[in-house]
Amino acid sequence: MTYREGLRAVTGAGEYIDDVPEPAGALHMAIYRSPYPHAKIKKVDVSDVWRRGGMAFGPEDLLKVVKNPFPNALGLPIKYYPFAVGKAKFFGEPVAVVLARDKYKAADLLDYVYVDFEPLEPVASIEDALRGRALVHEELGTNVAMRRRMSFGDVESAFKNADVVEAFDFRFPRHTAMPLEPYGVLADFRGYELHAVANIQGPALYVYFIARALDIPTSKIHLQTPRDIGGSFGIKYSLYPYVVLAAAASRLASAPVKWVETRLESLAASSSNGERRGRVEIAATRDGRILAVRYQFVEEVGAYLRPPEPGALFRVHGNLNGAYDIRAVEADYTVVLTNRAPTGLNRGYGGPQFYFALERAVDELARRLGLDPLDLRMRNLITKFPVEKYGWRFYETPTGGLYPMLDYTSVVKAIEAEYRKWREEQERGRRVGVGIALVVEPSGTNLGYVDVAVEAEKRRYPHSGAGEYVTVSLDPSGVVNVFVNATNEGLGHETALAEVVARELGIDPSDVKVTYRVDTSLTWSLSSGSYSSRFAPVVASAAILAARRLREKIIELGAALLKTKRVVYEGGVVYDEADPKRRLDIRKIASAVHWDPGGLPEGIDPDLSATVFFHPPTVKAPEGDRVNSSAAYALQAHLAVVEEADGDVRLVKYVVAHDAGRILKRELLDGQLYGGVHHGVCMALYEELKYGEDASLRSLLLETYGTPDLSHFVGVEVELIHFETPVGYLPSGALGSGEGPVMGAPAAVANAVADLLKRRVSSLPV
Amino acid sequence: MRPAYPRPFKYVKAGSVGDALRYMEEGYKPLAGGQSLSTLLKLGFTYEGLVDIFELDELRYVRVGERLVIGALVVHNDVAMHRAVVEHAPALAKAAWHIADLQVRNRGTIGGSLAHADPAANYIPVLVALGAEVVVREKGAVKRMTVESYVKGPYETEKGLVVDVSVPRWSRQAVAVFKKRGAAYPSLVVAAAAEEKDGTVAKSRVAVGGLYTRPVAAAGVLDGLSLEELPGLVSRIVSELPEGEPYDDLHMSYEDKKKVLPQLLSKVLKELAESSAWSLPTFDRLTTWRGGGGFTTWINGVEVPVDAEPRKLLVDFLRERGAKEVKRGCDEGRCGACTVLMDGRAVKSCTIFAPQALGHRIETVRTLQRGGELHPVQRAFLEEFASQCGYCTHGFIMTVVDYLSVDPGVRDEVLRLSVKNICRCTGYVNIIRAIKKAGKIQKA
Ligand SMILES: Cc1cc2nc3c(=O)[nH]c(=O)nc-3n(C[C@H](O)[C@H](O)[C@H](O)COP(=O)(O)OP(=O)(O)OC[C@H]3O[C@@H](n4cnc5c(N)ncnc54)[C@H](O)[C@@H]3O)c2cc1C
Ligand code: FES
Ligand code: FES
């Protein structure tokens with residue numbers, strides 16, 4: 001057993017963006033950022049910077065090479081450039097760039113950029129946005145970017161016939177998972193081609209955005225990631241504007257440009273989820289049967305609509321009924337623009353907000369009905385999976401989701417003993433709060449779900465997508481090379497894939513080399529990247545299929561070399577079925593084929609490589625407003641216990657019971673669960689990107705963002721209970737599990753605090 | 001929003017106290033541990049010149065006489081752990097334990113903390129409660145004053161070089177530090193000192209820091225009361241405390257602090273009555289920081305000239321010289337990703353300026369694994385899957401190496417006060433396991 005990424009980490013051998021050797025003559029970029037959330041830019045004068053030995057470019061210069069604004073998912077006429085044009089629309093928005101020989105000097109020269117601002121009334125909150133007195137984009141004529149109302153099943157009669165309707169109003173804060181390593185870009189625009197290395201999270205759509213903005217074909221873009229990325233959690237998807245900014249600076253300066261963000265900048269202007277306010281209404285019978293649920297969400301996305309936004313609302317589209325057998329669902333969504341930093345992917349993308357709303361509301365319903373929250377959940381839990389498709393059984397949700405069959409009841413029951421134990425502690429007088437939450441965790445995003453943001457009639461083309469390429473090949477010494485065009489930000493994919501591929505081929509994982517990094521000069525797809533916990537269901541499946549195809553080739557070549565028809569493949573060895581002593585191992589076959597392909601019989605293909613594109617069978621374009629928004633859905637039951645200590649609430653214990661299909665590597669899975677719980681606890685108890693009434697950011701330091709450190713978790717017990725149901729419709733049998741914990745923890749912790757303090761917790765962090 | 005790199009300043013290293021005073025006369029600002037100054041510089045404050053006093057070991061002493069005298073440059077970890085401080089001023093030692101983390105305490109000094117006069121500083125309320133005095137020198141003058149009169153407001157003190165503080169003896173003393181969830185700095189500090197006769201308080205002082213723009217103290221409020229009844233009298237005692245100008249900090253409003261005050265005071269009074277045994281690590285030695293001088297530093301055993309601008313942060317200097325394993329993760333000396341060993345002690349290299357490394361030995365993980373074997377801490381981190389993206393790992397490992405020298409048994413209480421690095425990936429579960437395992441491996 002070697003934890004490959006771990007070995008690099010403990011020996012200090014990782015190579016992160018700031019470690020990548022910079023091209024000779026590289027200039028360091030510093031960004032002049034708007035100190036105002038909303039201000040007209042009357043004049044930008046950078047001439048003094050040139051006089052003092054640096055270079056600088058303002059919006060007018062940059063517009064010469066950044067020819068197109070970035071597109072948005074709603075097709076709105078919003079002009080999003082990587083720098084402010086005409087007016088600054090959020091605190092920290094880039095206005096100009098300065099280049100110098102080192103980063104200290106570049107920072108110094110920012111003092112000589114003169115910008116004449118005329119402050120405007122800011123759109124500082126959701127309320128401001130809806131009021132519409134000030135507009136973020138005049139050309140839109142409104143701050144409302146989207147309104148959609150969708151109904152599935154007979155919602156109206158469910159609400160009419162309900163014994164009770166529980167309404168729960170909530171607010172979910174802006175949060176960034178805040179990878180410890182900030183953004184970084186090395187851009188070298190030479191010979192009319194862009195060579196860029198950036199710690200971006202995946203090639204995905206962004207290569208197109210970069211190409212469009214710079215008005216060059218994708219054939220002229222060579223985008224790579226460094227071998228290691230210091231955490232991402234979705235945040236590093238939104239790096240693309242800075243890639244364009246650095247590329248533009250490089251083009252204008254005619255020199256390689258390096259930019260590494262600082263923490264202040266990352267908190268102010270990298271990415272986060274948007275603030276959400278809303279209401280959940282649950283229609284139920286007196287005995288606790290949930291008949292329908294209605295969501296009214298208003299989400300702010302900051303100053304620009306950055307793809308896949310407003311996807312945070314739709315990422316959970318297929319699972320709007322949560323873990324419950326609810327046949328009627330209504331969703332009423334409003335998306336507004338504000339003078340805050342633009343939002344984007346953030347771990348759990350949409351899930352933490354959604355499950356906080358649903359699972360807190362379910363708890364309030366239980367309180368109202370005088371039922372135990374666990375019993376209420378059990379009463380509504382999905383138990384039947386009647387739809388047979390793709391060699392497996394599913395529960396089809398009203399919104400189009402396909403939940404693969406798992407034993408939901410056992411998973412939920414697994415936390416029961418611990419739950420009852422703490423309830424007894426409470427009865428004995430101990431001041432603790434106990435909270436639970438159930439999460440159906442979507443993974444392997446279907447890119448097509450973003451289309452639901454647009455009315456079906458207005459969609460021009462069908463979209464679906466969740467697939468990935470994996471290439472495996474056998475080198476002359478019998479080592480299997482695996483290549484995936486995606487990023488390595490600490491998920492342990494090299495270690496896991498080596499084992500997955502080794503298992504398929506019956507060889508030792510040490511004979512498998514895995515390369516996991518982005519290089520857009522090699523095979524990649526629109527859906528490539530490390531996001532939405534897609535490794536287990538999608539990437540591992542592709543790797544398994546590729547390994548199997550390679551195995552077929554090895555068998556064929558082995559048979560040819562053994563000059564026999566019927567062979568058996570076992571443990572990396574091909575042998576003659578009739579005479580098992582006649583055998584060749586992978587090494588010998590590799591060596592023979594590489595050294596003497598000419599010696600192979602006629603018609604035998606010496607190709608020892610295989611590339612497979614695996615696309616999950618369940619992933620299709622939306623039909624109307626129904627879509628199976630994810631390739632896979634796992635189940636998690638969360639239990640949080642909090643207590644009051646020193647005038648504050650403190651987490652005591654956390655339990656996650658879950659079934660995420662086949663477990664590919666337990667230690668790595670555990671790590672994802674621990675880390676996800678942590679981010680969820682941060683959302684629930686600690687962190688918020690706070691904006692003032694003037695729309696300026698108040699959380700520019702870890703100290704004010706509220707980030708906890710190791711000491712806060714000494715003595716907190718986290719327990720994981722694994723179930724393992726390999727699902728039959730995915731070659732890997734595995735479902736994603738990197739985000740369920742962050743989806744469930746805000747709700748579970750909030751439920752526990754509500755239980756402790758006997759109050760309706762409706763806003764986070766508590 | 002300037003990226004957090006310090007602006008240029010002139011830098012001199014003082015060879016003696018006299019030297020320091022001369023430069024201060026010329027307007028240079030003293031640089032002690034730099035644990036506050038470096039952050040201010042990164043966040044955009046400007047200073048003409050800094051005179052580095054950190055290596056003046058002559059200001060590092062702990063003397064026990066009628067009063068306990070602590071030299072200005074004694075670092076927080078020594079205030080926390082030195083036997084004489086623990087015995088004579090346990091409340092001060094305890095306050096020191098609650099300052100930041102192991103690395104900040106290895107560099108930050110008691111004199112620097114006093115002179116910085118952060119309303120959220122741990123020491124000041126304790127020193128005020130204990131009736132401590134401070135000795136301040138200016139060229140040609142030595143002044144002695146109470147800490148109360150030395151601190152004039154938030155970040156405002158009397159002028160001059162702090163030389164030492166002296167603390168009278170109190171048989172009973174206690175302190176409580178309140179930090180808001182997720183904050184590194186406290187919002188409220190309450191301290192009390194008392195002398196008792198047959199269970200009744202004969203002499204007392206209570207001080208509160210963080211509530212007002214200056215610490216407030218009340219003498220004699222506990223006098224005549226029995227120790228046991230103290231915790232029951234909290235609200236009365238609160239009402240007898242002097243008031244000041246309300247202070248809202250980044251985390252808490254004055255109003256919220258007032259709500260927490262009674263709980264905190266009651267904790268202090270309980271502790272005062274109980275006088276529990278000291279359970280934290282204690283040592284007899286004092287750390288010295290005088291370097292070998294010269295024009296070079298030693299990075300993992302190799303001599304390297306220091307030819308950088310004074311403002312260059314050590315983290316950047318080390319990385320430019322090839323030690324890329326050292327990472328930067330924040331702008332405020334908080335996350336610990338940049339931790340290296342300096343003369344064997346864990347320090348945050350983003351809080352130290354390149355020329356401060358002159359004549360010192362810097363070590364990274366490269367030294368630990370020299371010879372090809374993993375160090376026990378590395379092994380434990382690997383075996384426990386205590387890293388994911390790996391960005392925080394180097395800093396953690398270097399911190400833990402030093403931490404284990406302080407608390408080889410890895411007790412939760414000490415761990416909680418010492419290792420406060422930040423990891424965004426692991427949720428800390430496996431890191432905490434790895435630290436415990438490393439302790440066991442090292443013991444074996
Ligand atoms: C992450 C982090 C968390 C922290 N948390 C806490 C906390 O919880 N509680 C707490 O109390 N502190 C905390 N601190 C601050 C820490 O205690 C500092 O060490 C201390 O405030 C300053 O001491 P220093 O020796 O580092 O001084 P420096 O930073 O070198 O100097 C600070 C100021 O004092 C002046 N100065 C220094 N020495 C003298 C002297 N002898 N005479 C006159 N002037 C002098 C300097 O000119 C400067 O103005 C924290 C720091 C960090 C980085
Ligand atoms: S503590 Fe030095 S970089 Fe964060
Ligand atoms: S492993 Fe990524 S920050 Fe700790």
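The figures here come from the full heavy-atom set of this structure, side chains too, leaving out hydrogens, waters and symmetry mates. Throughout, a chain's letter reflects where its sequence line sits, starting with A, and its residues are numbered from 1. Nothing here was measured: the structure is a model prediction, and the numbers come from that model.
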Select one option (side chain, backbone, both, neither) describing which atoms of Ile435(B) are under 4.5 Å from chain A's heavy atoms. side chain
Tell me, side chain or backbone of Leu43(B) under 4.5 Å from chain A's heavy atoms, or both, or neither? side chain
Main-chain N/O of Pro3(B) paired with Glu265(A) side-chain donor or acceptor, under 3.5 Å: no
Please flag which part of Leu368(B) lies under 4.5 Å from any non-hydrogen atom of chain A: side chain, backbone, both or neither. neither
The interface call for Lys312(B) against chain A, heavy-atom contacts under 4.5 Å, is both
Using a 4.5 angstrom heavy-atom cutoff, name the option from Glu332(B), Glu325(B), Arg366(B) with the most pairs to chain A. Glu332(B)
Identify whether NZ of Lys or CZ of Arg in Arg311(B) sits under 6.0 Å from the centre of the six-membered ring of Phe9(B) and within 45° of that ring's axis. no
Chain A contact via Asn421(B) - which portion, at a heavy-atom distance below 4.5 Å: backbone
SB check Glu717(A) Lys653(A) (cutoff 4.0 Å): yes
Proximity breakdown for Glu687(A) and chain B, heavy-atom pairs closer than 4.5 Å: side chain
Region of Leu491(A) that comes under 4.5 Å of a non-hydrogen atom in chain B: neither
Is Lys420(B) in contact with chain A via its backbone, its side chain, both, or neither, using a 4.5 Å heavy-atom distance? both
Centres of the Phe91(A) and Tyr36(A) rings: under 6.0 Å? no
With only heavy atoms counted, which part of Lys690(A) is less than 4.5 Å from chain B, the side chain, the backbone, both or neither? neither
In terms of heavy-atom proximity below 4.5 Å to chain A, should Arg181(B) be classed as side chain, backbone, both, or neither? both
Given a strict heavy-atom distance threshold of 4.5 Å, which part of Tyr32(A) is in contact with chain B: side chain, backbone, both, or neither? neither
Go through the atoms of Ala337(B) and report whether side chain, backbone, both or neither lie under 4.5 Å from a heavy atom of chain A. side chain
With rounding to the nearest 0.5 angstrom, report the CG to CZ distance, Asp648(A) to Phe178(B). 5.5 Å
Select one option (side chain, backbone, both, neither) describing which atoms of Val365(B) are under 4.5 Å from chain A's heavy atoms. side chain
Engaged part of Ile422(B) at the chain A interface, taking heavy atoms whose separation is under 4.5 Å: both
Donor-acceptor pair, side chain of Thr367(B) and main chain of Glu363(B), under 3.5 angstrom: no
